[in-house]
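Throughout, protein chains are lettered first and strands after them, A, B, ... in sequence-line order, and every chain is numbered starting at 1.
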Number of protein chains: 2
Amino acid sequence: MNIATVNKISRPSKKQRIDTIVESARSIFCSHGFEKGSIEDIAKDAGIAEGTIYSYFDSKRGLLNEVLRRHYSIFFDDIEQTLLSIEGPRNRLRYLIRRTLIIISEDRNMCGLRTLYAREIDDKRPSLSHDQNRRMAGLMENEIKAGMEEGSFRPDTSSRIACYMIGGALELTEYSYLRTGKPIDIDKVTDSIWQMIRGGIESREATTEPLARLIERLEHVTDRLDPM
Amino acid sequence: MNIATVNKISRPSKKQRIDTIVESARSIFCSHGFEKGSIEDIAKDAGIAEGTIYSYFDSKRGLLNEVLRRHYSIFFDDIEQTLLSIEGPRNRLRYLIRRTLIIISEDRNMCGLRTLYAREIDDKRPSLSHDQNRRMAGLMENEIKAGMEEGSFRPDTSSRIACYMIGGALELTEYSYLRTGKPIDIDKVTDSIWQMIRGGIESREATTEPLARLIERLEHVTDRLDPM
DNA sequence: ACAGAATAATGAATTTAACTCAATTATCGA
DNA sequence: TCGATAATTGAGTTAAATTCATTATTCTGT
């Protein structure tokens with residue numbers, strides 16, 4: 001009876017099986033891409049039958065979603081934790097920008113999957129990528145709003161558009177990295193985005209210098225008329 | 001012999017045939033989406049055989065590219081023309097932002113195709129969408145650089161990142177419109193982006209407070225010189 | 001320890017849709 | 001009018017996701 005028991009191939013737990021599938025999927029999608037990496041490849045890699053994958057996942061797309069969800073949810077958890085220890089909306093916003101760039105730099109393959117295939121509008125439910133972007137955008141918008149309340153950001157700014165500008169710049173930086181493979185200079189990009197956010201590109205000379213000169217002259221005149 | 005000649009279905013010119021195919025493809029892709037709109041559908045709509053499509057286009061993807069290329073190249077030509085008649089980098093940059101939003105608003109289906117399917121990295125050639133984004137980004141970058149030379153934009157800004165921020169914000173606005181269908185408030189979005197670009201979100205307290213103090217003093221002085 | 005119920009895994013069959021190509025039809029030049 | 005050339009056809013091929021009847025394993029109550 002032991003022999004019989006031993007000969008039977010014992011099955012891994014549900015969790016283990018899912019882990020195996022997702023890990024194989026990650027590996028295949030990263031090396032071949034989503035479209036060229038087939039379910040057959042994944043099943044082979046995981047050492048199981050194709051049908052088994054379908055008893056755990058609705059579709060190839062659903063499998064991709066899970067691969068991405070697992071990869072990025074780790075970062076989100078960490079980011080939300082780290083934010084708690086950073087003081088001030090400015091610093092937190094800057095951290096979010098920088099951190100995003102680091103994540104992008106760390107795994108080009110995964111970003112490729114996310115960028116190229118996860119943006120879908122499937123009639124019904126919004127895509128995972130959309131959820132993740134919302135989550136990140138939400139974190140940023142929080143900081144922008146906090147900054148406005150605190151008085152360090154202009155209250156007449158559209159926080160939504162500010163988020164779009166930051167998020168959009170990060171996405172395009174990511175896409176450029178994807179295409180060219182040229183490493184991202186994280187400090188430089190962070191600083192550039194940060195500078196744009198803070199001060200825009202309008203030259204300060206035009207408005208502030210004449211104004212400063214005027215203030216000086218008026219103060220001078222006022223001093224004479226109304227000595228303090 | 002005339003009868004024979006008449007019975008023969010005369011073939012349209014090469015150009016006409018291609019036009020028909022592209023127009024049917026546009027119609028089918030717009031109504032069903034790229035993935036769900038099949039070559040069979042397109043052939044049926046155009047009143048031809050599937051094989052004929054393949055004698056004019058390499059692949060379904062290539063057909064999509066042509067649909068998009070035709071749609072957007074018209075706008076680009078017009079934009080480049082219009083730019084010539086606008087004075088100053090600021091105005092031209094603002095026009096580019098506004099105009100892009102108008103194009104997005106005008107055809108949601110087409111933007112859906114562009115946004116969702118045209119971003120690809122096909123090992124070899126960059127995607128059409130990429131080319132178009134480059135073209136638009138190029139136009140914007142020109143204006144930003146011109147603005148720097150002219151002295152109205154800060155010269156220490158990264159024009160690349162500035163483009164990414166503008167382009168990224170436009171893309172995200174587009175995507176949001178795609179998902180929700182909520183009309184874009186073109187003026188408001190243009191103004192918000194424009195404001196961020198020009199002045200950033202940093203509070204102007206540093207300059208406004210001294211100014212406020214001065215105003216107070218001036219009012220005081222004026223009261224004395226010219227009592228009400 | 002065992003029967004049988006419940007659950008999981010299998011892989012061959014189905015389906016779908018892009019793409020091919022040999023055969024057919026139309027056009028063109030002499 | 002007759003080949004030669006080019007365009008069109010649509011049935012056939014291929015590839016890959018998805019399904020499902022069958023088989024294998026595990027679990028449960030006795």
Side-chain angles (χ1 to χ4, degrees), chain A residues 1-25 27-29 31-67 113 117-118 120 122, chain B residues 1-25 27-29 31-67 113 117-118 120 122:
Chain A
M1 69 291 264
N2 273 339
I3 293 163
T5 313
V6 164
N7 276 353
K8 280 181 193 172
I9 296 148
S10 82
R11 285 173 176 160
S13 72
K14 211 158 181 163
K15 190 192 166 312
Q16 282 177 319
R17 180 120 288 177
I18 291 175
D19 287 351
T20 309
I21 293 172
V22 174
E23 174 46 29
S24 291
S27 160
I28 295 295
F29 287 155
S31 54
H32 303 232
F34 175 66
E35 271 147 41
K36 286 178 189 157
S38 68
I39 293 289
E40 196 190 344
D41 293 337
I42 295 167
K44 214 171 273 173
D45 185 278
I48 58 175
E50 292 177 53
T52 305
I53 292 175
Y54 282 92
S55 64
Y56 291 99
F57 296 93
D58 271 359
S59 62
K60 193 185 177 188
R61 192 87 198 197
L63 184 49
L64 173 66
N65 266 359
E66 181 58 15
V67 168
L113 287 180
Y117 304 112
E120 71 181 353
D122 225 353
Chain B
M1 70 292 267
N2 271 341
I3 293 162
T5 314
V6 165
N7 276 355
K8 280 181 195 174
I9 298 149
S10 82
R11 286 172 177 162
S13 73
K14 212 157 183 166
K15 188 190 168 316
Q16 281 176 321
R17 181 121 283 176
I18 291 175
D19 286 350
T20 308
I21 293 171
V22 174
E23 174 47 30
S24 292
S27 160
I28 295 295
F29 287 155
S31 54
H32 303 229
F34 175 66
E35 270 147 41
K36 286 178 189 156
S38 67
I39 293 290
E40 196 188 343
D41 294 336
I42 296 167
K44 214 171 274 172
D45 186 277
I48 57 173
E50 292 178 53
T52 305
I53 292 174
Y54 283 94
S55 65
Y56 290 99
F57 296 93
D58 270 359
S59 63
K60 194 184 176 188
R61 194 85 197 200
L63 184 48
L64 172 67
N65 266 358
E66 182 58 15
V67 168
L113 287 180
Y117 304 111
E120 70 180 354
D122 224 355

Interatomic distance, Leu64(A) CG vs dA16(D) P [rounded to whole Å]: 17 Å
Val67(B) to Ala25(B) - nearest heavy-atom pair and separation: CG2-CB, 3.8 Å
Distance-only donor-acceptor test (3.5 Å): side chain Arg11(B), base dT25(C): yes
Using nucleotides 14-18 of chain C, report all nitrogen or oxygen pairs with the protein that are shorter than 3.5 Å.
| residue | atom | partner | partner atom | Å |
| --- | --- | --- | --- | --- |
| dA18(C) | OP1 | Lys60(B) | NZ | 2.8 |
| dA18(C) | OP2 | Ile39(B) | N | 3.0 |

Distance, rounded to the nearest Å, where Ile53(A) contributes CD1 and dG11(C) contributes P: 13 Å
Atom pair distance, as rounded to whole Å: CD1 in Ile28(A) and P in dA16(D): 13 Å
Separation of atom NZ in Lys44(A) from atom P in dA9(C), rounded to whole Å: 20 Å
Over all atoms of both residues, closest heavy-atom pair of Lys60(A) and Ile39(A): CG-CD1, 3.8 Å
Rounded interatomic separation in angstrom, taking CZ from Arg17(A) and C1' from dA24(D): 12 Å
Test item: Ile48(A) and Thr20(A) side chains (from C-beta on) under 4.5 Å apart, heavy atoms: no
Ile21(B) side chain reached by Arg17(B) side chain, heavy atoms, under 4.5 Å: yes
Beyond-backbone contact of Ile42(B) with Phe29(B), side-chain heavy atoms, under 4.5 angstrom: yes
Minimum-distance pair of heavy atoms, taken over all atoms of Phe34(A) and Leu113(A): N-CD2, 4.0 Å
Spacing between Lys14(B) atom NZ and dT27(C) atom P, to the nearest angstrom: 15 Å
Interatomic distance where CD1 belongs to Ile48(A) and C1' belongs to dT25(D) [whole Å]: 16 Å
dT8(D) phosphate, OP1 or OP2, under 4.0 Å from Tyr56(B) side-chain N/O: yes
Where Gly37(B) and Ile28(B) come nearest, the two heavy atoms and their spacing: CA-CG2, 3.7 Å
Closest-nucleotide 5' rank along DNA chain D - winner of Thr52(B) and Gly51(A): Thr52(B)
Distance below 4.0 Å between Ser55(B) side-chain N/O and dA7(D) OP1 or OP2: no
